[in-house]
Undergrad: 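Please find one structure pasted underneath; my questions will follow.
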Amino acid sequence: MEFVRVKGNEFIYQGQSIRFAGLGIGSWLNLEHFMLGIPTPEKQMKEAFTEVFGPARSARFFDDFVCSFCTEEDFKLLKDTGINLIRVPFNYRLFLDDQNMELRKEEGFRYFDRLLGFCRKYEIYLLPDLHSVPGGQNPDWHSDNQTGTPAFWHYDVFQQQIISLWRDIAARYRDEPYLLGYDLLNEPFLMPAADGKLQQFYERVTAAVREVDENHIIFLEGDSFAMDFSCLKEIRDEQTALTFHFYPTVWEADLCDPGYPRGERQKVFEQRFRTMLDGLLPFNRPLLCGEAGYDIAGHSLEHVMEMVEDTLGLFCRYGVSWTLWCYKDAQFMGLVYPRDDSEWMSFAGEMRTKWTHYREMEMGKSLVETMCALFPGEVDEELKYRLQFRQRALLYTLQKEQLLKPQLQAWGWERIRRMPESFLFENCGYYKEYQKLLAVYAKALKECGRGTEMADRRIHAL
């Protein structure tokens, strides 16, 4: 049985360099509100369903959603596209019970077992990515954070729970050939930054995983939402790679403007990408861009495909493996989506007339400005930025009580229970232009230089 290994700055399989062209599966085993068209982080979302329909029906709804969202038909499309890696975010609550942290729930293992069965059949590697941890590793919704404070870094008991969880997952899957490795923590963001804390956590998890699994690669993300690797001083484990996220338009929104000259945008993309590589190449480790992508909603598909093509061109030119964000969602940025006439899109469409995550972010920012105006002196912009997360956490409760629960009640169980089947592949459409683009660049990446040539290519590009 052979596994993908790390050798210098390359992924190696059967003695040959291998690169990965893939997709993040989307909002599936970790629920993100904007991708589903349903407000609040996952915990409060599920609480709303439980409070309206009861625990049994709520559990049935979300299990049906998981089983409908990803099936063998989805893997056929992934295989036809040339994808050889899927990155799968998951929530710790699939495995751990907040009221009994010694318990290991079989639910998460059941979903992983089913997923790995598809991976083996279609020869597509899996990279599980821990997207949510107790207390939240960052202050935002995608870590299922209820408070806007990354409390995970404030309590060692939370960290120990996750160290133990990763050890248990590694023990279960240590002999799985189509498991690429373990993405230990999605987008950590320490507020405030604490020197050495992220590295210490990674070293503790790595030691626990290596007690039971020497076969699989460990993937580490940087601070500041996987963009800052200055917090890592040394990587001792030989089978460790680095994974970063590339979202230039999140931080410079004008780059999304269709009127922005494409040639100038390409230059900015490359400048930001090279800046990222400056902090990564000294480690001499294989690199994976774990997330990159652009909103399709609200933009012309042609314009979005230009930005995707320019991004994939960068990855190919620099020889960097990638998993774009994402494969499937409720018509926001995914390749595959439920059709307009589906129950899910009807529900999301109605909700999006009252709420979007962009409005939520603007509301949080406005509330912080109002609050700061009540105090003397100029409030530091960094402090305002951090306070926005706290304000948005307050909004989640209002969204749940004033938006989500009333709409669930108005729709009723008989209609709500049919929503998950909207995500079955046969009930979905997909962007053929997007799929074709992915196929072209997946093939190009796999065919570009090998071995030391890749190192020379990266150095030459810089």
Side-chain angles (χ1 to χ4, degrees), residues 3-6 29-30 87-96 98 101-105 108-109 112 126-138 142-145 150-176 179-190 193-226 228-245 280 283 285-288 290:
F3 300 90
V4 178
R5 307 292 285 172
V6 167
L29 300 183
N30 183 75
R87 179 175 178 263
V88 176
F90 69 98
N91 192 307
Y92 79 94
R93 289 191 179 91
L94 292 177
F95 296 91
L96 302 180
D98 285 333
M101 296 303 277
E102 300 302 316
L103 176 70
R104 288 293 179 269
K105 293 160 66 176
F109 291 116
F112 273 26
L126 167 66
L127 179 61
D129 134 49
L130 184 52
H131 232 68
S132 302
V133 298
Q137 74 276 15
N138 66 51
H142 41 80
S143 64
D144 198 12
N145 195 312
F152 180 74
W153 304 110
H154 302 170
Y155 300 97
D156 186 70
V157 64
F158 289 163
Q159 296 172 45
Q160 188 54 56
Q161 288 163 357
I162 294 306
I163 293 166
S164 177
L165 172 60
W166 269 124
R167 188 185 188 281
D168 290 348
I169 291 173
R172 175 116 165 193
Y173 298 111
R174 59 190 162 200
D175 296 322
E176 178 54 60
L179 177 68
L180 179 60
Y182 312 107
D183 188 344
L184 297 186
L185 196 60
N186 180 71
E187 294 193 348
F189 186 29
L190 284 71
D195 190 44
K197 182 161 284 193
L198 185 57
Q199 171 134 3
Q200 291 167 12
F201 171 71
Y202 282 156
E203 289 177 350
R204 292 168 68 192
V205 182
T206 299
V209 168
R210 292 300 179 224
E211 288 176 5
V212 296
D213 183 357
E214 294 282 350
N215 297 326
H216 293 105
I217 300 168
I218 287 174
F219 288 79
L220 305 182
E221 301 191 23
D223 197 1
S224 298
F225 301 106
D228 180 5
F229 288 80
S230 63
C231 56
L232 302 182
K233 307 304 180 187
E234 181 183 11
I235 302 174
R236 299 187 182 94
D237 181 75
E238 292 183 359
Q239 296 303 310
T240 291
L242 297 176
T243 177
F244 63 95
H245 294 179
L280 290 164
F283 290 102
R285 297 288 175 148
L287 303 180
L288 170 71

Undergrad: Would you compute the distance between atom CG of Leu198 and atom CG of Leu185 and round it to the nearest 0.5 angstrom?
TA: 7.0 Å
Undergrad: So, for Phe158 and Ala151, which heavy atoms are closest and what is the spacing to 0.1 Å?
TA: CD1-O, 3.8 Å
Undergrad: Hey, is the main chain of Leu179 close enough, under 3.5 Å, to the side chain of His216 for a donor-acceptor pair?
TA: yes
Undergrad: Has Glu221 got a side-chain atom pairing as donor or acceptor with His245's backbone, closer than 3.5 angstrom?
TA: no
Undergrad: Just by distance, do the side chain of Gln239 and the backbone of Val6 share a donor-acceptor pair under 3.5 Å?
TA: yes
Undergrad: Minimum heavy-atom separation for Pro286 and Ala241, please, with both atom names.
TA: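 Here Pro286 and Ala241 meet closest at O-CB, 3.5 Å.
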Undergrad: Could you tell me whether the side chain of Ser164 and the main chain of Gln160 form a donor-acceptor pair under 3.5 Å?
TA: no
Undergrad: Holding to salt bridge (Lys or Arg N to Asp or Glu O under 4.0 Å), I want the full list of residues that pass it with Glu211, two or more places apart in sequence or in another chain.
TA: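 Here the qualifying residues are Arg167.
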Undergrad: Can you name the nearest heavy-atom pair linking Arg104 to Asp168, along with the distance?
TA: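 Smallest heavy-atom distance, with atoms named: NE-OD2, 2.5 Å.
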Undergrad: Please identify each residue that fulfils side-chain contact (heavy atoms from CB on, under 4.5 Å) with Glu238, with sequence neighbours left out.
TA: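 Here no residue qualifies.
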Undergrad: Go through the steps to decide whether Leu126 and Val88 satisfy the test side-chain contact (heavy atoms from CB on, under 4.5 Å), and finish with yes or no.
TA: CA-CA 7 Å; Leu126 167 66; Val88 176; 3.4 Å; yes
Undergrad: Nearest 0.5 Å, what's the CG-CD1 distance between Leu242 and Ile218?
TA: 12.0 Å
Undergrad: Phe95 vs Phe109 aromatic rings, parallel, tilted or perpendicular, using cut-offs 30° and 60°?
TA: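 Aromatic pair Phe95/Phe109 classed perpendicular.
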Undergrad: For residues Leu184 and Leu130, determine if any side-chain heavy atom of one lies less than 4.5 Å from a side-chain heavy atom of the other.
TA: no
Undergrad: Hey, could you give me the CZ/CG distance between Arg93 and Leu29, rounded to the nearest 0.5 Å?
TA: 14.5 Å
Undergrad: What do the steps show when you test Tyr182 against Asp129 for side-chain hydrogen bond (donor to acceptor under 3.5 Å, both in side chains), and what is the final call?
TA: CA-CA 7 Å; Tyr182 312 107; Asp129 134 49; over 6 Å; no
Undergrad: Evaluate the ring-ring contact (aromatic ring centres under 6.0 Å, His included) criterion for residues Trp153 and Phe201: first the C-alpha distance (whole Å), next the side-chain angles of each, then the deciding distance (0.1 Å), finally the verdict.
TA: CA-CA 9 Å; Trp153 304 110; Phe201 171 71; 5.7 Å; yes
Undergrad: Kindly say whether Val209 contributes a backbone atom to a donor-acceptor pair with the side chain of Trp166 at under 3.5 angstrom?
TA: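 Flag not set: sc Trp166 to bb Val209 has no pair under 3.5 Å.
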Undergrad: Between Asn30 and Ser143, is there a donor-acceptor pair closer than 3.5 Å when you use the side chain of the first and the backbone of the second?
TA: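 No, Asn30 side chain to Ser143 backbone: no donor-acceptor pair under 3.5 Å.
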Undergrad: Can you check whether Thr240 reaches Ile217 side chain to side chain, under 4.5 Å on heavy atoms?
TA: no
Undergrad: Can you check whether Asn215's main-chain N or O pairs, donor with acceptor, with Arg5's side chain at less than 3.5 Å?
TA: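 Side chain of Arg5 to backbone of Asn215: a pair is present.
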Undergrad: Check whether Gln137 reaches the backbone of Phe152 with its side chain - one donor and one acceptor, N or O, closer than 3.5 Å.
TA: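 Side chain of Gln137 to backbone of Phe152, a donor-acceptor pair under 3.5 Å: no, none is there.
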Undergrad: When rounded to the nearest 0.5 angstrom, what is the spacing between NZ in Lys197 and CG in Asp223?
TA: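 Output value for this atom pair is 11.5 Å.
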Undergrad: Closest heavy-atom contact between Arg87 and Pro89?
TA: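 Residues Arg87 and Pro89, closest heavy atoms: O-CD, 3.5 Å.
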Undergrad: Do Tyr92 and Asp98 have side-chain N/O donor and acceptor atoms under 3.5 Å apart?
TA: yes
Undergrad: Let me confirm one number: the CG-CG distance from Leu165 to Leu94, rounded to the nearest 0.5 Å.
TA: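 Spacing of CG (Leu165) from CG (Leu94) equals 10.0 Å.
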Undergrad: Contact between Phe90 and Ile169 at the side-chain level, heavy atoms closer than 4.5 Å - yes or no?
TA: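 With C-beta onward as the side chain, the pair touches.
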Undergrad: Which is it for Arg285 and Asp237 under the salt bridge (Lys or Arg N to Asp or Glu O under 4.0 Å) test, yes or no, and what are the steps along the way?
TA: CA-CA 11 Å; Arg285 297 288 175 148; Asp237 181 75; 5.6 Å; no
Undergrad: Evaluate Asp156 against Arg204 for side-chain contact (heavy atoms from CB on, under 4.5 Å), listing each step before the verdict.
TA: CA-CA 12 Å; Asp156 186 70; Arg204 292 168 68 192; 2.8 Å; yes
Undergrad: Return the minimal non-hydrogen interatomic distance between Pro128 and Gly181, and the atom names on each side.
TA: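 Looks like CD-O, 3.1 Å.
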Undergrad: For a 4.5 angstrom cut-off between non-hydrogen side-chain atoms, does Tyr202 reach Pro188?
TA: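 Side-chain contact under 4.5 Å: yes.
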Undergrad: List the atom of His142, the atom of Asn186, and the distance in Å for their closest heavy-atom pair.
TA: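 Smallest heavy-atom distance, with atoms named: ND1-ND2, 4.3 Å.
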Undergrad: Decide, yes or no, whether a salt bridge links Glu234 with Arg236 under the criterion of side-chain N to carboxylate O below 4.0 Å.
TA: yes
Undergrad: Mark yes or no for whether Asn138, through its side chain, and Glu187, through its backbone, hold a donor-acceptor pair below 3.5 Å.
TA: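 Looks like yes, one N/O pair under 3.5 Å.
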Undergrad: Could you tell me the separation between the OG1 atom of Thr243 and the CG atom of Leu220, rounded to the nearest 0.5 Å?
TA: 9.5 Å
Undergrad: Angle class for the Tyr173/Phe112 ring planes (parallel below 30°, perpendicular above 60°, tilted otherwise)?
TA: tilted
